[in-house]
Amino acid sequence: MAPVSSGLQNMSGSDLSRKRARPDPSSRPTTGASLTERDKILELIRSRANRGIWSADIKRETNIPQTIVQKQIKMLLSNKLIKEVTDIRHKSRKVYMAAEFEPSDEISGGTWFSGGSLNKEVINDVRKRCKQQIMMLKAATSDMIYKGMKKSDPNITYTMQQIGDILQSLVIDKEVEEIKSTGKGDFANVPAGKVCYRTVQSSSRTQVGALASIPCGVCPRLRDCTPDGEISPRNCEYYKQWLGAEYF
Amino acid sequence: MVGVYGKRLAKEIISTHFGDLVAKVCNCLLQNGTLSLHEIVRYTDMPGSHVKNCLLILIQHNCVQAFCTPRKGSTDKTVTLYMAIFDNIINRMRFSKFLSLIKGGELAPKESQTKEGQCKYALLKGILQNGRLTFEQLVERSISKEQQMDQVQEKHQSELRACFNELVRSHYVERCPRPEPFIYTEPEDQPKHTKRRGAKTAVQPLSLEQQAIEAATLAESERFSEIPESSVERAGDGIVNHSPATGDKRKHETLETDLDLLVAIAENEVLWRANFEKLLYCLRTKICAENVRSRLGDDAGVVLEAIMEADTEQKIKATIVIATFDGILNNLAGSMTLDRVRTILDELNCKSATDKLEAIYSLDLNATLEACKNDEIEAVVKARYGDQGYKIFRLLSTKDQLIETDRIAEITFMEKKEAHQMLYKLWRDEFIDIKKVPSQGSGESASISLWRLHRKPFYQTLLDDIFHAALNLTVKISQLVEKQHEILEDDMKNLLKRKFILQLSLLKLDDALMLFHDF
């Protein structure tokens, strides 16, 4: 086999000038390879559907250097092919999702969250509706409340589970009490023994505890306080403020 | 089990009422338990006569009970031991509350005060102030206060006896317990009786102190045995025995003499004291009725009071109250229809039964007492930790189970980080417990935090805090009393106003103390 060099030696001068220059190995192709990397990243993001993917996970799974990943993500964002969403479980992470998907409840936090924060307006609105149903029915099960809400507004999309959570929060705030029905009086519409809800009398919500109404009840140093010690009721600043007696 | 601050509060109360020497002896018993006179002298380093006098004062005021036991190593010699009665010492803070229970008394609104009510009030006040008195002493006290003329004293004494017997009948007042009952203790070298095989329940033996209290307590019939009328008074009332025969007349005279002797003993020798168990039961009724009133309405509060007053046992620690329907209706005095009463009884979750054709209702007070305690605790949590802490605490309190951090954040509509921070604060201050479980399915050594409210240990911690706060208020009141002698008259009004605030706060805090300690 003739050596390569002899092939070159056999070429004429004009042949040599027309020879294509060997490409510089340090320069990379700007168009074809970028498209491949971008596609790779986009495919990976799409594959995560409504769960999205963290930027660090993109780098790890594609083996593309961080700077390239950042650059490609920026381009995809500007082309509106992907979007950035907040993961309610890890708020500091940048999570990306294909534009055609909506974040799952796990990521967004569910119905009660919007933009990564609690949507207090929505929550308060649902609480108000639940309370209205309970006041109308005097005593009602969660089922009755849900059906009542659906009847008054067929467009609501909340589930029984979500209404249950709202009722729990009303019980915790003492606006409503969870009680077993006796089947009589206010509970006439609820079978005896079934768990139901009714509004709480306003006076029971305004109880002021005995311990909470004196300085000792809320004092952070109560455990260090002794009658003869450095911290004692005799020289207590909180008592002075409470009694309004600076000179005692 | 009384904590450090409970004992300190007791010492402070004795010191305020009887002075430092008596407080020293009392404190010695509180700290070291049951002791003999010789041991008290050794511990307090006081002369024997002073210790004796202090013990007499404490016994007079029902703060100490004496009892005899066989001396160690001897079969025929006995030793007298003394034990402090912590609950009776704390009851000294409540005298004004006890007096307010007398209907128509001086603490009732002016328009509802009655002569009988004022008489009973004065009698109970005398007994509370002096610890224990005979009826004769009560009469002398009343006469000296009102400066009665001799000729009306007898009528006055008769009226007093009627009021006094009413107090005994209502169990507000009782005959004093035995002064020095004998308690037999098994010698230490004797082998203890082993439990029979197959015994299913292990009965806890009573401690020496419990045995002493039991031995000192009179039987119910004797404890509340009224003062009978003398034969003269019975004759004056028209109760005359018609006895024509000579033999019968002699028998009648003998009976009259016996009766007069009984009356003399009952009036001059029998010591009477306030029955704290009944008085505390009445206070418990008031507090439970107030709670029910706030949750279920006025009528429910009235019916609850009627049930509790109709209970024949009226034990302070009993959580099941049993009353006949007729008894309940009697106490309601026709203020409600039968249907309304029955509806409320259902609302209160009363269980009904029939006993000898009589309808009986039983009420479990646990739910009401827990609701009262929860109100107290939740107020503290809200004041210390704000709305977020309050919501988390309410959730753990109502659920009474282990709950994960995420789920807590969900139900309370809180950000997870905020929920975790608040849970940590509540845990650090011993309001709630934490349990960490390894997280499954994770390669790292992660764990899940589960949270729970453990009521019993938490109640004990809170009770210590309540005792501590009550001690602080007492110390502060004493400080203002000391200042009363130093300040000018211009400042006196302000000082008295502040003292009044402290005293009212202490009375209110005492309600919480009763909830967590006495009820």
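Values in this document were obtained by computation on a predicted structure and should not be read as measured data. Sequence lines set the chain letters: A, B, ... in the order given, protein chains first and strands last, and positions in each chain run from 1.
- Residues A/Asp173 and B/Lys391 meet the side-chain proximity criterion, which asks for heavy atoms closer than 4.5 Å.
- Summarising the geometry of B/Phe413 relative to A/Asp165, their closest heavy-atom pair is CE1-O, 4.0 Å, with the distance given to 0.1 Å.
- Scanning all heavy atoms of the two residues, the minimum distance from B/Arg394 to A/Val171 falls at NH2-O, 2.5 Å.
- Only the side chain of B/Glu482 comes within contact range of chain A, judged by heavy atoms closer than 4.5 Å.
- Between A/Cys225 and B/Asn472, the closest side-chain pair of non-hydrogen atoms falls below 4.5 Å.
- In this structure, SG on A/Cys216 lies 9.5 Å from CG on B/Asp465, to the nearest 0.5 angstrom.
- Contact of A/Ile172 with chain B is made through backbone and side chain together, with heavy-atom distances under 4.5 Å.
- Contacts of B/Leu395 with chain A are made by both backbone and side-chain atoms, with heavy-atom separations under 4.5 Å.
- Neither the backbone nor the side chain of B/Tyr385 comes within less than 4.5 Å of any heavy atom in chain A.
- Other residues, nucleotides and ligands contribute only 12 or fewer heavy atoms inside 6.0 Å of the CD atom of A/Glu230.
- Interface residue A/Ile214: only side-chain heavy atoms are found under 4.5 Å from chain B.
- Residue contact with chain A, scored on non-hydrogen atoms closer than 4.5 Å, is absent for B/Leu513.
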Item to check | Stepwise salt bridge (Lys or Arg N to Asp or Glu O under 4.0 Å) check, B/Asp464 with A/Arg223 | outcome: CA-CA 10 Å; B/Asp464 284 343; A/Arg223 306 272 161 91; over 6 Å; no
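- Look at A/Glu177 and B/Arg295 and you find no salt bridge, because none of the NZ, NE, NH1 or NH2 atoms lies under 4.0 Å from a carboxylate O.
- A distance of 7.5 Å separates OG of A/Ser232 from CD of B/Gln479, quoted to the nearest 0.5 Å.
- Comparing B/Asp387, B/Asp510, B/Leu471, B/Leu502 by how many heavy-atom pairs each has under 4.5 Å with chain A, the most go to B/Leu502.
- Every residue two or more places apart in sequence or in another chain was checked for a salt bridge (Lys or Arg N to Asp or Glu O under 4.0 Å) with B/Arg284, and none qualifies.
- Judged purely by atom type and a 3.5 angstrom limit, B/Arg384 has no side-chain atom pairing as donor or acceptor with the backbone of A/Pro220.
- Only the side chain of B/Lys399 comes within contact range of chain A, with heavy atoms under 4.5 Å apart.
- Within 6.0 Å of CZ in B/Phe458 there are more than 12 heavy atoms belonging to other residues, nucleotides or ligands.
- Atom OG of A/Ser169 sits about 12.5 Å away from atom CD of B/Glu410, to the nearest 0.5 Å.
- Listed by chain and number, the residues in a side chain to side chain contact (heavy atoms under 4.5 Å, CB included) with B/Ser478 are B/Glu12, B/Thr16 (sequence neighbours excluded).
- Of all the listed residues (B/Asn349, B/Leu473, B/Leu507), the one sharing the greatest number of non-hydrogen pairs under 4.5 Å with chain A is B/Leu473.
- At most 12 non-hydrogen atoms from other residues, nucleotides or ligands lie less than 6.0 angstrom from OH of A/Tyr238.
- Smallest separation of non-hydrogen atoms from A/Trp242 and B/Ser505: CH2-OG, 3.3 Å.
- With chain B as partner, the option from A/Thr182, A/Leu211, A/Ile166 having the largest number of non-hydrogen pairs under 4.5 angstrom is A/Leu211.
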Item to check | Trace of the side chain to side chain contact (heavy atoms under 4.5 Å, CB included) decision for B/Tyr390 with A/Lys174 | outcome: CA-CA 11 Å; B/Tyr390 169 77; A/Lys174 283 193 171 178; 3.5 Å; yes
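- Chain A is approached within less than 4.5 Å, heavy atom to heavy atom, by B/Asp346 from residues 337-346 of chain B, ordered by number.
- Residues B/Lys497 and A/Leu243 are not in side-chain contact: their nearest non-hydrogen atoms beyond the backbone lie 4.5 Å or more apart.
- The number of heavy-atom neighbours closer than 6.0 Å to NZ of A/Lys94, taken from other residues, nucleotides and ligands shown, is 12 or below.
- The nearest pair of heavy atoms linking A/Ala210 to B/Leu509 is CB-CA, 3.7 Å.
- Applying the salt bridge (Lys or Arg N to Asp or Glu O under 4.0 Å) criterion to B/Asp364, with sequence neighbours excluded, gives no partner residue.
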Checklist entry - Going through the distances and angles, do B/Thr412 and A/Gln168 end up as a side chain to side chain contact (heavy atoms under 4.5 Å, CB included)? => result CA-CA 8 Å; B/Thr412 55; A/Gln168 271 301 301; over 6 Å; no
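- Considering only heavy-atom pairs separated by less than 4.5 Å from chain A, the leading option among B/Arg8, B/Lys416, B/Lys417, B/Lys382 is B/Arg8.
- When side chains are defined from C-beta on, B/Tyr5 counts as touching A/Thr226, because their heavy atoms get closer than 4.5 Å.
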